[in-house]
Amino acid sequence: MPPLASIRATAEKLEIVNQLLLPHATEFIQVNSIQEAHDAIRSMKIRGAPAIASLAALSVSYHLSRALNESPAPAFLASPAALKEHVQPILSYLYTARPTAVNLGAATRRLENILNDAIAAGKDTLEIARDLIAEGYAVADEDVGRNKAMSKWGGDWLVQRVISNGGDGSNLNVLTVCNTGSLATSGYGTALGLITYLHEVKKLGKAYYTQTAPYHQGSRLTALELQTLDIPSVMICDTMVGSLFQHHDIHAVVVGADRIARNGDTANKIGTYNAAVLAARHGIPFIVVAPISTVDLDIADGSAIPIEHRPLIEACLVRGALYPDTGKKEQAVVMITPSGLTGIYNPSFDVTAAELITAIVTEKGVAVKKDGESSFDLSAIV
């Protein structure tokens with residue numbers, strides 16, 4: 001089967017798959033405005049740091065493309081200054097949709113740099129708008145190639161590590177957290193891309209993936225992607241990771257990232273820190289796989305990473321298909337707690353300290369810590 005897609009972009013329209021309905025129903029919805037892109041990201045109709053960056057950039061491209069075709073032309077196309085005054089608030093607004101994911105900020109800053117550089121170069125308004133449109137498409141298009149590169153780097157590194165420790169480098173069992181496949185990116189995936197690569201080169205035994213808080217879709221989307229790719233897999237509750245490590249031969253934990261600090265501290269889906277602590281206890285390599293755009297060299301460590309807290313009600317709800325299975329695709333959202341609860345802690349992410357991470361992989365290679373050090377030097381892979 002072909003890989004799943006989070007975004008469909010044609011000359012006429014921009015669409016995303018509504019991930020709130022997956023895995024039981026596949027429904028593409030059209031994104032017609034900057035406001036709808038912001039809502040889709042904020043409401044988690046689309047999720048995954050690379051995917052939301054792609055949608056944000058593409059929404060700017062579509063917004064400007066429509067403006068170029070309007071007659072009469074909108075006022076913001078009257079001059080470079082007017083265009084800048086119009087575009088900058090849009091980029092700032094899009095960034096507020098999911099503040100933890102640094103890829104979103106990287107994409108908006110990239111577009112802002114194109115805007116400022118084009119103005120400094122003396123380009124006219126139409127040239128600047130076309131430059132921004134092209135850059136928005138480039139943000140999305142470049143993602144797939146990066147993902148395949150980092151997946152190979154990380155997969156090959158893991159195989160060699162297992163061999164150097166006396167294994168044969170095959171039949172590897174890997175645990176992952178949240179969804180980092182084609183639905184979370186523009187294609188192929190980051191951590192799930194590494195698992196896919198191991199499967200393609202016939203080095204994978206089984207992929208294990210955690211079920212996090214009830215409302216989070218990560219495990220369900222991972223299940224759908226692994227099923228689509230025909231990869232042997234097992235879902236476990238995140239509270240069962242320790243038991244898994246005790247009773248099964250797990251060769252690595254592989255996760256994505258929403259932001260990586262300069263020292264290697266990494267923010268990822270809630271539950272990642274738990275898995276890292278347990279992996280360290282059991283001597284299991286813990287690998288972070290993410291594009292260079294996820295590395296935030298402006299912050300020294302994880303204490304400066306903003307952690308998004310979701311609405312409290314989300315921790316009380318679960319969404320899914322009605323059971324028993326009658327062949328219908330009817331879905332429901334039900335409350336699993338007493339109503340009226342106010343004492344609820346519902347962060348979307350946690351931060352894993354660099355000392356718990358074995359390797360960080362980007363499209364440029366693999367970074368490991370020097371002997372005796374607890375933080376990373378990421379200069380070679382950013």
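What you see is a predicted model; the values in this text were computed from it and never measured.
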Does the cation-pi check pass for Lys148 over Tyr188, that is, NZ or CZ under 6.0 Å from the six-membered ring centre and within 45° of its axis? yes
From CA spacing to verdict: ring pair (Phe, Tyr, Trp, His ring centres under 6.0 Å), Phe349, His309: CA-CA 8 Å; Phe349 308 94; His309 283 247; 9.8 Å; no
Taking all atoms of both residues into account, what is the closest heavy-atom pair of Thr125 and Phe76, and its distance? CG2-O, 4.5 Å
Side-chain H-bond candidate by donor/acceptor type, His38 with Ser59, under 3.5 Å: no
For the side chain of Ser61 and the backbone of Ile133, is there at least one donor-acceptor N/O pair under 3.5 Å apart? yes
Looking at Thr358, Leu278, Ile284, which one forms a side chain to side chain contact (heavy atoms under 4.5 Å, CB included) with Val253? Ile284
Taking side-chain hydrogen bond (donor to acceptor under 3.5 Å, both in side chains) as the test, write out the residues that go with Asn173, two or more places apart. none
For Asn147 and Thr190, run side chain to side chain donor-acceptor pair (under 3.5 Å): C-alpha distance rounded to whole Å, both residues' side-chain angles, the deciding distance at 0.1 Å, then the answer. CA-CA 5 Å; Asn147 294 342; Thr190 55; 5.9 Å; no
List the steps and the verdict of side chain to side chain donor-acceptor pair (under 3.5 Å) for Thr266 and Asn268. CA-CA 6 Å; Thr266 296; Asn268 194 49; over 6 Å; no
Indicate the atoms forming the closest heavy-atom contact of Ile357 with Phe376, along with that distance. O-CZ, 3.4 Å
Measuring centre to centre across the rings, with the benzene-like ring taken for any Trp, is His86 within less than 6.0 Å of His63? yes
Looking at Phe245, is Arg281 sitting on its ring face, NZ or CZ under 6.0 Å from the six-membered ring centre and within 45 degrees of the normal? no
Run the salt bridge (Lys or Arg N to Asp or Glu O under 4.0 Å) test against Asp350 and tell me which residues pass, sequence neighbours left out. none
Quick one, Lys206 with Asn171, criterion side chain to side chain donor-acceptor pair (under 3.5 Å). Give me CA distance, side-chain angles, the key distance, then yes/no. CA-CA 8 Å; Lys206 286 184 180 179; Asn171 202 36; over 6 Å; no
If we count only N and O atoms by modelled type, under 3.5 Å, do the side chains of Lys364 and Thr362 hold a donor and an acceptor together? no
Is the closest side-chain donor-acceptor distance between Asn32 and Lys13 under 3.5 Å? no
Atom of Gly136, atom of Leu111 and distance for their closest heavy-atom approach: N-CD2, 3.8 Å
Testing Arg47, Glu225, Gln19 for side chain to side chain donor-acceptor pair (under 3.5 Å) with Asn179, which one passes? Glu225
Flag yes if more than 12 heavy atoms outside Met240 fall under 6.0 Å of its CE atom; otherwise flag no. no
